[in-house]
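What follows is a set of notes on a single structure, which appears directly below.
Keep in mind it's a predicted model, so treat the numbers as computed, not measured. Counting starts at 1 for both ligands and their atoms, in listed order.
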Amino acid sequence: MNVNAVLNNLEEKHPGEKEYLQAVREVLDSVENIYNENPQFESAKIVERVVEPDRILTFKVSWVDDKGDVHVNLGYRVQYNNAIGPYKGGLRFHPSVNLSILKFLGFEQVFKNSLTTLPMGGGKGGSDFDAKGKSDAEVMRFCQAFMLELWRLIGPETDVPAGDIGVGGREIGFLYGMYKKLARENTGVLTGKGINWGGSLIRPEATGFGNVYFAAEMLKTRGDSFEGKRVAISGFGNVSWGAALKATELGGKVVTISGPDGYILDEEGISGKKIDYMLELRASNNDIVSPYAEEFPNAKFFPNKKPWEIKVDIALPCATQNELNGDDAKALVENNCICVSEGANMPSTPEAVETFLENKLLFGPGKAANAGGVSTSGLEMSQNSQKLSWTRNEVDAKLHQIMKDIHEACVKYGTSDDGFIDYVKGANIAGFLKIANSMLDQGVV
Ligand code: GLU
């Protein structure tokens, strides 16, 4: 395989899909050597087969708002790869959603899910629907209209969607209600369900918890820990919330959160009731973080800025793709940041990743470091199959073990001769080998 040749070909076929091409390049760069050392991969055209989704389903979603006006949104499900198990991955509802973003997310999901040690393939879906300013009734009608199209394409053994940006407990509830009505069965067809109707304990906080568990494992390789560390978090949604809780529990001091409007610096530490407030703020259906500084006047709000300019030991980007660029990475390095663990999907640009690796930071890429969310979704699927609910401790212990196993896989494939662990390379190779070998086992399908 020649990475540039494969990418040129993809670029010709899918012009302008920049997030998708960025995600593919990163993986192919990492696996190029091991791929070329194993001619059986090339003869089965594994790369050509893995970079394209199995299928992309697009549909129209028409719905009526509270005033009686009709709206039309686009809906998608990208079923990427099911060599390891049913397609699995979230739904994103955000006005920025397009095919390039969903293909990048689906591609990442394939490798992430492979790392979880659980039998899950990869997929992603969503819509350009914007929940901001919409009433609960409007969100419900949209979700119902979305499921009216989606339900025929999914199933507990076929494709199991979940949440992502803009899709939380409320949306999963509305989606599940409609699925159940149409399919006339209660099955584990979605994850992130409510605790009373098949959901798993720990699922809401799992991505953030997993991210901090992964960062703690990375720190351990240098004899270090969260104890006494200053931590910058971006975002203020579910991932950031879980990360703030766990980082605080492990002795860290979280000093920032952020929104699309800017960031909050709270030198007293974002803990206790301030972490609860993050969820209230999110639930108020307003995409802005600035009200935090009104609620807690010792905190400062910096409009239209990102938290990476603050001096911290650990950075946890938990907002969205490409939110941390090369200059942000340089600022973190200059401020002696030692560890960056990605809670979001691909939040660091390629320039930022290069800066972290050149400066030998502990850098956990999203597909490893944020795999705790989908792992706990996998545990929710196991509980649904067993028709049992595990205790909080049981789920948390399993999640913690999975994050340790993912870390170990990265160390196995990412450690270079000088002892430096390149977690990007490690995660990509470990994820890829399992998928490629499964595809070889199953023939050309
Ligand atoms: N959207 C989350 C992710 O990016 C979770 C997916 C899931 O639970 O299926 O991994």
Handout entry: Partners passing side chain to side chain donor-acceptor pair (under 3.5 Å) against Asn428 (at least two apart in sequence or in another chain)
Key = Glu26, Ser30, Lys367
Handout entry: Donor-acceptor pair, side chain of Ser375 and main chain of Thr116, under 3.5 angstrom
Key = no
Are any protein N/O atoms closer than 3.5 Å to the N/O atoms of ligand 1? If there are, list each pair with names and the distance to one decimal place.
| unit_1 | atom_1 | unit_2 | atom_2 | d |
| --- | --- | --- | --- | --- |
| ligand 1 | 1 (N) | Lys124 | NZ | 3.3 |
| ligand 1 | 1 (N) | Gly163 | O | 2.9 |
| ligand 1 | 1 (N) | Asp164 | OD1 | 2.8 |
| ligand 1 | 4 (O) | Lys112 | NZ | 3.0 |
| ligand 1 | 4 (O) | Lys124 | NZ | 3.1 |
| ligand 1 | 4 (O) | Asn345 | ND2 | 3.1 |
| ligand 1 | 8 (O) | Arg203 | NH2 | 3.0 |
| ligand 1 | 8 (O) | Ser377 | OG | 2.5 |
| ligand 1 | 9 (O) | Lys88 | NZ | 2.7 |
| ligand 1 | 10 (O) | Gln109 | NE2 | 3.2 |
| ligand 1 | 10 (O) | Lys112 | NZ | 2.8 |

Practice task
For the pair Glu185 and Lys180, find out whether any cationic side-chain nitrogen is under 4.0 Å from an anionic carboxylate oxygen.
Solution key: no
Exercise for the section: Look at Lys229 together with Asp224 and state whether they make a salt bridge at an N to O cut-off of under 4.0 Å. Expected result: yes
Considering only distance and modelled atom types, tabulate donor-acceptor pairs under 3.5 Å from the side chains of residues 273-282, sequence neighbours left out.
| unit_1 | atom_1 | unit_2 | atom_2 | d |
| --- | --- | --- | --- | --- |
| Lys274 | NZ | Asp266 | OD2 | 2.9 |
| Lys274 | NZ | Glu268 | OE1 | 3.2 |
| Arg282 | NH1 | Asp287 | OD1 | 3.2 |

Handout entry: Test ring-ring contact (aromatic ring centres under 6.0 Å, His included) applied to Tyr87 - qualifying residues, sequence neighbours left out
Key = none
